[in-house]
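One structure below.
Order of the sequence lines sets the chain letters (A, B, ...), proteins ahead of strands, with each chain counted from 1.
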Amino acid sequence: MLDIKLLREKPDLVRERLASRHGGDDAKVSEVLALDERRRCALAEVEKLKAQRNAASKEIGALMAQKKSADADAKKAEVRAIGDRITALDHEVAEAAMRRDELLLTIPNVPHPSVALGATAEENPEVRRWGSPASFAFQPLNHVALCEKLRLVDFARGAKLSGSGFLLYTGWGARLERALINFLLDLHQREHGYQEVAPPFIIGEHCMVGVGQFPKFRDQAYAVQEGLDASTLGKLYLLPTAEAPVANIHREEILPGADLPVRYVAYSPCFRAEAGAAGVGTRGMIRVHQFDKVELIKIVPPEFGYDELEAMVRNAETVLQRLGLHYRVINLCTGDMGFASAKTYDIEVWAPGQGQFLEVSSCSNCEDYQARRMNLRFKDAASGDNRFPHILNGSGTALARLFVALLETHQRADGSVLVPEPLRPYLGIDVIPIP
RNA sequence: GGAGAGGUGGCUGAGUGGUUUAAGGCGCACGCCUGGAAAGCGUGAGUAGCUAAACACUACCGGGGGUUCGAAUCCCCCCCUCUCCGCCA
């Protein structure tokens, strides 16, 4: 969430920078400020009263010690009236604070000044491209045809098990998926300096709020219930991304400054309800309810936030370069960015069978927006202050679409697929054969 | 699921209604002492709100609510950890 002090001191700046974002409307900012003002007024008054009461209570204690019980009783009656007023004001403070914070959670992060103003994905500036689209001396197949021919994914039986949007990987497909996961984890852990973690796949609601998934995207999550106990519904969720548990690892902690930067890499499946997206790109593996992903998370001092973001994008690009996949990097405009992000790069890989670029990575600096929500701080060694760090997340990368691009790019005339060199040690073969 | 124990400051550990707005110890920072260090002595140190800053003030003893002039302490609800038992991959 945004810093209430920033809103208080520079409301116009916030309003202006939020204008091009979804959900960043003026009315909310005004209401937050009004509630904040109410809270502060009540707080100032109640603190004065509490100081009075504390002093009086001390006197009563002294009077009673001297056995002057009549004096003490008189004083008690006097203080009782203050107590009632305090109770009322306490409630007013708490309620204003609660409503203020509830509203504050629904206001998105303010974009970094370098981010282009825009409304839709069409206005995202392209940053760079790598490689060139694969060209074929034959008629290339799309990934669905390749998967069926090579028996890598059984779409029909996946749907039979769990409905459309769920995949059953089979044979070399299952092994390729596992090889990719291991390759990505090893690359980031061994070569890029990330510490590997394996998080729970079911996570508490507070983690979802912490990263900004909730309250806004509640409708996109799979909620979990414990057995037959309906009262537990809504406490736990299947994770939509490893960002949710991993970014929260240090929530409500004060990290020693020397521990920063913290860099984590984690594999997890990702579960997304994709409510309202039915019928849009649902064929094949492009948009599914469950996919694998290797996620990168960084917790860094604000001074390094943007350098670390650039490095993170390069780390994700390395994946595509090693696998020989053509891609482009784009910089999301204000209107296309995620809720919690201040600046986002997307990496899109070329899928020849689709004739289009597919998003396989999204790298964001959320600045201190998430840290504030989860109350994660670090102790600045120089100043001794507790400060909110920048939290970054990036896919490194998402797998289903990487799988698609890899098959479609490296297919051969007979329909078999060449295994890129870095995956061969993991798979033990050079070519995925026709069964 | 059953039974029990427990959650206090960076750690340890007292505290069952009023100089405890948290003793003592360890560790920490700074100073004195020393040729230098250790020991010793002294001082200081939590988080947050309020403030331009400081002082003062307020809140915080797992979380929430209640009783009271006053709650770490009494009452109610919840969460978490540990031990044993049962079930289980």
Side-chain angles (χ1 to χ4, degrees), chain A residues 1-10 32-33 35-102 104 198 200-210 224-236 245 248-260 368 371-389:
Chain A
M1 69 187 149
L2 297 177
D3 186 356
I4 186 66
K5 280 185 193 158
L6 180 71
L7 253 73
R8 228 182 259 156
E9 286 158 22
K10 297 174 182 172
V32 165
L33 287 171
L35 286 165
D36 183 54
E37 184 60 28
R38 224 184 85 195
R39 189 192 76 92
R40 294 172 71 201
C41 285
L43 189 66
E45 195 182 339
V46 77
E47 283 192 358
K48 235 179 261 170
L49 291 173
K50 280 181 179 173
Q52 279 178 32
R53 184 180 68 179
N54 286 347
S57 290
K58 227 174 207 175
E59 287 176 36
I60 291 170
L63 289 171
M64 289 177 71
Q66 297 164 35
K67 310 270 189 211
K68 295 179 181 170
S69 63
D71 291 350
D73 286 346
K75 201 82 184 170
K76 278 187 196 177
E78 188 184 306
V79 177
R80 189 172 294 134
I82 299 180
D84 293 343
R85 182 84 184 118
I86 287 174
T87 305
L89 281 169
D90 266 346
H91 281 124
E92 192 176 332
V93 170
E95 204 207 311
M98 195 190 73
R99 286 177 52 198
R100 178 195 71 180
D101 291 343
E102 245 168 38
L104 211 46
F201 298 158
I202 298 178
I203 56 176
E205 186 190 28
H206 55 288
C207 291
M208 297 288 264
V209 173
V224 172
Q225 175 178 308
E226 287 175 29
L228 300 175
D229 185 354
S231 73
T232 61
L233 189 64
K235 289 182 179 168
L236 294 170
N248 275 288
I249 287 174
H250 299 290
R251 72 182 347 262
E252 282 152 45
E253 291 180 27
I254 300 172
L255 293 170
D259 287 6
L260 267 53
D368 59 12
R372 192 169 271 113
R373 279 175 168 246
M374 60 181 78
N375 198 24
L376 162 60
R377 290 163 295 168
F378 72 100
K379 191 166 282 288
D380 189 308
S383 66
D385 293 336
N386 293 332
R387 303 172 62 200
F388 291 108

Roughly how far, to the nearest 0.5 Å, is [atom2] of [Y] from [atom1] of [X]?
| X | Y | atom1 | atom2 | value |
| --- | --- | --- | --- | --- |
| A:Ile86 | A:Lys48 | CD1 | NZ | 13.0 Å |
| A:Arg372 | A:Asp3 | CZ | CG | 4.0 Å |
| A:Glu205 | A:Lys235 | CD | NZ | 10.0 Å |
| A:Asp368 | A:Arg373 | CG | CZ | 12.0 Å |
| A:Leu49 | A:Glu47 | CG | CD | 10.5 Å |
| A:Lys75 | A:Ser57 | NZ | OG | 10.0 Å |

Quiz item: How do A:Arg8 and A:Arg80 order along RNA chain B: which one's closest nucleotide is nearer the 5' end?
Solution: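 The residue closer to the strand's 5' end, by nearest nucleotide, is A:Arg8.
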
Quiz item: Where each residue is assigned the nucleotide of RNA chain B containing its nearest heavy atom, which of A:Lys75 and A:Asn386 is assigned the position nearer the 5′ end?
Solution: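 In this pair, the answer is A:Asn386.
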
Are any protein N/O atoms closer than 3.5 Å to N/O atoms in nucleotides 14-23 of chain B? If there are, list each pair with its distance.
unit_1 : atom_1 : unit_2  : atom_2 : d
B:G18  : N2     : A:Ser57 : O      : 2.9
B:U21  : O4     : A:Lys58 : NZ     : 3.0

Quiz item: So which of residues 81-97 of chain A are in contact with RNA chain B, with a heavy-atom cut-off of under 4.0 Å?
Solution: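 Contacting residues: none.
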
Quiz prompt | Summary of side-chain hydrogen bond (donor to acceptor under 3.5 Å, both in side chains) pairs that have at least one residue in residues 249-259 of chain A, sequence neighbours excluded | solution =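 Pairs touching residues 249-259 of chain A that pass the test: A:Asn248-A:Arg251, A:His250-A:Glu253, A:His250-A:Tyr264.
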
Quiz item: Does the pair A:Leu104 and A:Leu7 meet the rule for a side chain to side chain contact (heavy atoms under 4.5 Å, CB included), with working shown?
Solution: CA-CA 10 Å; A:Leu104 211 46; A:Leu7 253 73; 4.1 Å; yes

Starting at atom [atom1] of [X], determine the distance to atom [atom2] of [N], rounded to an integer number of angstrom.
| X | N | atom1 | atom2 | value |
| --- | --- | --- | --- | --- |
| A:Glu9 | B:U51 | CD | C1' | 12 Å |
| A:Lys5 | B:C50 | NZ | C1' | 10 Å |
| A:Lys379 | B:G9 | NZ | P | 16 Å |
| A:Arg38 | B:G49 | CZ | P | 21 Å |
| A:Asp259 | B:G10 | CG | C1' | 14 Å |
| A:Arg372 | B:G49 | CZ | P | 10 Å |

Quiz item: Between B:A48 and A:Arg377, is there an OP1 or OP2 to side-chain N/O distance shorter than 4.0 Å?
Solution: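 Checking A:Arg377 against B:A48: at least one side-chain N or O falls below 4.0 Å of OP1 or OP2.
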
Quiz item: A:Asp101: what forms a salt bridge (charged side-chain N to carboxylate O under 4.0 Å, His left out) with it, not counting sequence neighbours?
Solution: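 Partners of A:Asp101 by the salt bridge (charged side-chain N to carboxylate O under 4.0 Å, His left out) criterion come out as none, since no residue qualifies.
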
Sequence neighbours left out, what passes side chain to side chain contact (heavy atoms under 4.5 Å, CB included) with [X]? Give chain and number order.
| X | answer |
| --- | --- |
| A:Lys379 | A:Ile254, A:Asn386 |
| A:Glu95 | A:Arg99 |
| A:Glu37 | A:Arg40, A:Cys41 |
| A:Asp380 | A:Phe378, A:Ala382, A:Ser383, A:Arg387 |

Inter-nucleotide [atom1] distance ([N], [M]), Å rounded:
| N | M | atom1 | result |
| --- | --- | --- | --- |
| B:A38 | B:G27 | P | 12 Å |
| B:C11 | B:C69 | C1' | 37 Å |
| B:U34 | B:A56 | P | 35 Å |
| B:U21 | B:A71 | P | 11 Å |
| B:G46 | B:C88 | C1' | 44 Å |
| B:C57 | B:G6 | P | 36 Å |
| B:G25 | B:G65 | P | 36 Å |
| B:G44 | B:G18 | P | 27 Å |

Each nucleotide N or O in nucleotides 55-63 of chain B that has a protein N or O under 3.5 Å away: list the pair and distance.
unit_1 : atom_1 : unit_2  : atom_2 : d
B:U58  : OP1    : A:Asn54 : ND2    : 2.9

Exercise. May I have all residue pairs that pass salt bridge (Lys or Arg N to Asp or Glu O under 4.0 Å) and include part of residues 82-94 of chain A, sequence neighbours excluded?
Key: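 Non-adjacent pairs meeting salt bridge (Lys or Arg N to Asp or Glu O under 4.0 Å): A:Arg38-A:Glu92, A:Glu45-A:Arg85, A:Lys50-A:Asp90.
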
Self-check item: Any residue meeting side-chain hydrogen bond (donor to acceptor under 3.5 Å, both in side chains) with A:Asp36, in chain and number order, not counting sequence neighbours
Solution: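 If we apply the side-chain hydrogen bond (donor to acceptor under 3.5 Å, both in side chains) test to A:Asp36, skipping adjacent residues, the hits are A:Arg8, A:Arg100.
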
Quiz item: Pairing of RNA chain B as dot-bracket, 5' to 3': ( ) intra-strand, [ ] crossing, | other strand, . unpaired, with Watson-Crick or G-U pairs under 3.5 Å?
Solution: ((((((((.[[[..)..(.....]]].(((((.......))))).((((.......)))).[[[[[..)....]]]]])))))))....

